[in-house]
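Single-structure report; data block below.
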There are 4 protein chains.
Amino acid sequence: MGTPAAQDAGPRRVPRPRADALRNRERIVTAAREMFVEFGPFAPLDDVARRAGVGNATLYRHFPDRDALVHGVVLAVMSSVNDQAERAAAEEADTFDALVRFAHAAAGERIGALCPMLSSGFDGHHPELVAERARLEVSVQGLVTRAQEAGRLRTDVAVGDLMVALSQLTRPLPGVGCLDIDQFVHRHLAIFLDGLQAPARSALPGKAATLEDLRSDP
Amino acid sequence: MGTPAAQDAGPRRVPRPRADALRNRERIVTAAREMFVEFGPFAPLDDVARRAGVGNATLYRHFPDRDALVHGVVLAVMSSVNDQAERAAAEEADTFDALVRFAHAAAGERIGALCPMLSSGFDGHHPELVAERARLEVSVQGLVTRAQEAGRLRTDVAVGDLMVALSQLTRPLPGVGCLDIDQFVHRHLAIFLDGLQAPARSALPGKAATLEDLRSDP
Amino acid sequence: MGTPAAQDAGPRRVPRPRADALRNRERIVTAAREMFVEFGPFAPLDDVARRAGVGNATLYRHFPDRDALVHGVVLAVMSSVNDQAERAAAEEADTFDALVRFAHAAAGERIGALCPMLSSGFDGHHPELVAERARLEVSVQGLVTRAQEAGRLRTDVAVGDLMVALSQLTRPLPGVGCLDIDQFVHRHLAIFLDGLQAPARSALPGKAATLEDLRSDP
Amino acid sequence: MGTPAAQDAGPRRVPRPRADALRNRERIVTAAREMFVEFGPFAPLDDVARRAGVGNATLYRHFPDRDALVHGVVLAVMSSVNDQAERAAAEEADTFDALVRFAHAAAGERIGALCPMLSSGFDGHHPELVAERARLEVSVQGLVTRAQEAGRLRTDVAVGDLMVALSQLTRPLPGVGCLDIDQFVHRHLAIFLDGLQAPARSALPGKAATLEDLRSDP
DNA sequence: TATGAATGAGATTTCATTCAT
DNA sequence: CATGAATGAAATCTCATTCAT
């Protein structure tokens with residue numbers, strides 16, 4: 001006490017998570033992400049724990065139930081996707097090329113695996129999720145807006161359309177890899193992106209999907 | 001034996017299914033199709049039976065296990081889809097319009113629900129399935145070929161590309177209807193179809209998917 | 001159809017539970033009652049099922065969760081106790097003797113084992129429970145009232161006092177039979193019953209407990 | 001070694017427990033006593049530790065397993081009860097009044113919570129327990145003997161009867177406070193004490209319980 | 001020493017499938 | 001043939017206890 005280190009914080013309140021605990025949490029999220037991509041969001045949690053190399057109860061310490069784990073994985077994927085969006089915006093000269101690069105990068109991040117996770121009990125109002133969505137607003141929405149202003153992207157679509165179709169087209173098929181969908185993903189994405197270029201050949205039914213529409217319970 | 005009734009078949013060989021048994025089978029397939037669309041291919045079979053209004057053991061009499069039931073549903077969906085393809089080919093003058101009409105009709109038939117079913121243990125060599133695929137060969141393949149020959153469809157895609165993307169884009173989200181995907185399906189399909197029109201704006205990665213590629217275990 | 005048996009009931013609605021199912025249900029309740037007496041209301045349900053000689057899932061078919069099972073056991077015990085009360089009232093000449101006989105009989109029925117069960121999630125408003133309590137109202141309340149009117153029972157106690165003290169004094173000690181409480185139960189009950197005889201030697205603190213006070217959530 | 005400090009003990013033999021360790025032990029026993037009264041003797045030990053405001057491992061340092069903790073709590077309760085007995089004997093003129101006062105005081109000390117604890121693996125021969133029982137012998141046994149010699153207490157009961165009935169009548173109902181038993185405890189105790197006064201109205205079945213009978217494994 | 005984290009064993013509950021009426 | 005009931009295997013989750021910081 002009285003040391004400089006003790007000044008800016010109360011005495012050992014929230015005593016900084018231990019290094020090994022952080023590493024375990026990381027490993028669990030990684031394992032869960034892989035398992036969910038491969039077997040869907042109902043992969044046995046014991047298997048997730050085994051793949052992460054921890055006991056099952058350790059998993060439950062970090063994530064009290066499946067929904068919490070799904071939440072963690074969704075956050076991780078969204079974060080990666082946002083990273084990709086920011087990188088694409090920064091490094092790509094042409095506005096549509098940036099979109100294309102982002103889309104294929106997001107496919108690589110297995111963004112399609114998010115879809116089935118959203119079906120689980122899911123709190124769309126969780127602060128962390130709201131924050132990550134705000135980041136998405138800035139990055140991907142930016143990509144879309146700039147491409148539209150440059151006349152490179154048809155104006156009857158919105159960012160939600162891009163995200164949903166991107167996710168659907170890249171959704172994995174849970175279970176064993178009979179009919180490996182991955183080999184087709186980038187083809188179909190390319191076709192869809194072609195369809196996104198202005199001018200529109202056909203009038204689109206329905207209304208453009210905004211980010212708000214992607215909220216679980218609006 | 002020897003009686004007129006026994007002429008075309010041995011005694012009590014295939015004793016012609018009773019009318020109520022046939023109706024039960026039909027109701028089970030219908031119920032299973034709805035449940036699989038709503039909850040995915042792992043919906044509890046007892047629930048399927050309850051929705052069909054029969055006892056669970058009756059379900060098991062008609063379909064010895066889940067795979068058999070999935071098989072039945074897949075056949076039913078493929079059959080409906082083939083019907084739609086034949087109708088579109090017969091009634092639509094423009095070759096690409098026929099494709100468009102077929103695609104939206106197939107989306108209405110919930111073809112996307114097939115995807116997760118293909119993950120189950122699935123015998124791609126089953127005679128009925130082979131037969132239905134042959135019908136697909138004639139109908140949808142015909143739509144594609146004609147549109148390509150008429151210069152209305154880019155030539156670097158194949159029928160497998162259409163079927164897979166069509167299925168993926170229309171896949172339902174299992175669970176409660178948070179984020180109702182259905183409202184977007186036809187939009188995204190329209191965009192994808194725009195992308196399918198010739199000439200191609202971008203070179204497609206990978207190779208075109210044929211019907212053969214859609215076999216579960218190639 | 002058209003038979004007399006089919007007249008008074010719609011066609012096979014609520015098709016009368018099967019004999020073996022009824023027997024199983026009975027066996028489960030009996031086993032649970034024994035286990036709860038011996039190990040308390042948190043005895044493993046698998047053990048209950050094993051003692052009943054059925055599979056665990058059979059237990060869950062009859063009683064969806066522990067509370068339902070506890071409910072069933074409580075009903076069974078209350079029913080037995082009510083039987084004892086009616087018999088004592090019918091066969092015993094002296095009004096206080098009837099109370100005494102009932103109390104010891106109820107102790108033999110292990111009424112004390114009810115106490116810890118009431119701690120579980122427990123629906124005091126369940127119709128069956130309400131009915132059984134009404135029966136208690138008639139029988140035990142009758143015993144108490146008559147004894148009081150005959151001047152054989154102090155008038156500053158009520159039926160709730162009797163039931164609670166009777167239950168408490170005869171509560172089993174869960175776990176192995178170290179310190180076998182059973183050998184003392186009837187002694188202490190006799191002393192308490194002595195204290196119940198008029199005239200009161202001491203003023204009682206608090207207010208008399210009615211049957212209403214024994215409702216879980218009043 | 002050889003230093004003055006090491007004279008009365010070998011080097012670092014029983015190095016006198018630190019003040020904070022003692023305080024922790026105290027807090028753990030208090031918390032455990034409260035939790036056991038409220039939730040029974042199987043309250044999660046992590047919860048006990050949390051209520052005590054210490055880490056779970058600290059609890060395990062002081063009490064290697066649940067039985068050790070139960071042992072500690074039982075000792076604490078017995079000690080309090082003995083205190084009450086000595087005070088009642090010293091301050092109350094009438095011998096039966098002393099018993100009455102002691103009984104109600106013991107009820108206030110939650111002596112009833114001891115009952116379920118005796119079900120746990122319990123070493124009745126532990127020296128500390130033997131010592132505390134000896135103290136009980138002197139204090140409560142003294143109260144009983146004196147009242148009997150004064151003709152104020154029926155002679156067919158023994159101190160074990162008093163202790164067991166007293167404990168049973170004041171046992172708490174674990175779980176949430178539906179049916180709050182506490183409001184009735186002192187009523188029933190008063191009735192029981194009335195029944196304890198001489199002369200006996202009824203012959204008691206069984207044999208009087210001595211302190212020896214309360215040993216866990218006789 | 002005190003602590004948060006980790007762990008495996010066990011309890012509850014669900015469900016695909018078989019049995020008996 | 002149709003049905004309700006029964007079953008075991010597996011999944012989720014809890015908790016007493018040990019480990020490492």
Side-chain angles (χ1 to χ4, degrees), chain A residues 12 14-25 28 42-49 53-69, chain B residues 15 17-18 20-21 24-25 42-50 53-67 69, chain C residues 12 14-25 28 42-49 53-67 69, chain D residues 15 17-18 20-21 24 42-50 53-67 69:
Chain A
R12 72 185 62 167
V14 195
R16 176 177 44 182
R18 283 188 349 196
D20 57 346
L22 275 183
R23 198 181 53 245
N24 273 342
R25 192 191 153 92
I28 290 169
F42 293 117
L45 295 194
D46 278 22
D47 294 355
V48 172
V54 301
N56 59 352
T58 301
L59 187 153
Y60 279 93
R61 164 174 283 270
H62 288 283
F63 303 97
D65 55 16
R66 179 180 294 278
D67 286 346
L69 179 56
Chain B
R18 297 197 322 207
D20 58 345
N24 271 347
R25 194 192 152 91
F42 294 118
L45 295 194
D46 277 23
D47 293 355
V48 172
R50 187 159 29 250
V54 302
N56 58 353
T58 303
L59 187 153
Y60 277 91
R61 171 167 298 276
H62 288 285
F63 304 96
D65 57 14
R66 177 181 293 278
D67 286 345
L69 180 56
Chain C
R12 77 185 59 167
V14 193
R16 177 177 45 182
R18 279 180 3 188
D20 57 344
L22 274 184
R23 199 180 54 246
N24 272 342
R25 193 191 153 92
I28 290 169
F42 293 117
L45 295 193
D46 277 23
D47 294 354
V48 172
V54 302
N56 60 351
T58 300
L59 187 153
Y60 278 92
R61 165 174 281 269
H62 288 283
F63 303 97
D65 55 15
R66 177 181 295 278
D67 286 346
L69 181 55
Chain D
R18 296 198 323 208
D20 58 345
N24 272 346
F42 293 117
L45 294 193
D46 278 22
D47 293 355
V48 172
R50 185 157 34 248
V54 303
N56 58 353
T58 303
L59 187 153
Y60 277 91
R61 171 167 299 276
H62 288 285
F63 303 96
D65 57 15
R66 178 181 293 276
D67 286 346
L69 180 57

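Quick caveat, the model's predicted, so the values are computed rather than measured.
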* Asked: In terms of the nearest nucleotide of DNA chain F, which residue is placed more toward the 5' end: A/L45 or C/V54?
  -> C/V54
* **Touch class at under 4.0 angstrom, heavy-atom based, for A/D46 against every strand present** => base
* When you check the phosphate oxygens OP1 and OP2 of F/dA6, does a side-chain N or O of C/H62 lie under 4.0 Å from one of them? -> yes
* Which is true for C/N56 with a 4.0 Å heavy-atom rule: it touches a base, it touches only sugar-phosphate, or it touches nothing? -> base
* Base, sugar-phosphate, or nothing for B/N24, non-hydrogen atoms under 4.0 angstrom? -> sugar-phosphate
* To do: Would you kindly compare C/P44 and A/L59 by the position of their nearest DNA chain E nucleotide and give the one closer to the 5′ end?
  => A/L59
* List the steps and the verdict of side-chain contact (heavy atoms from CB on, under 4.5 Å) for D/L69 and D/R66. => CA-CA 5 Å; D/L69 180 57; D/R66 178 181 293 276; 5.5 Å; no
* Has A/T58 got a side-chain N or O lying under 4.0 Å from the OP1 or OP2 atom of E/dA5? -> no
* Structure fact -> Where DNA chain E forms runs of at least three Watson-Crick or G-U pairs (i with j, i+1 with j-1, under 3.5 Å), the stems are E:2-21 with F:2-21
* Is the shortest side-chain N to carboxylate O distance from B/D47 to B/R50 below 4.0 Å? -> yes
* **Pairwise distance OH(C/Y60) to CG(C/D65) - rounded to 0.5 angstrom** => 8.0 Å
* Toward the 5' end of DNA chain E, which comes first, D/R61 or B/D47, by nearest nucleotide? -> D/R61
* **Spacing of D/N24 atom CG and D/R61 atom CZ [to the nearest 0.5 Å]** => 11.0 Å
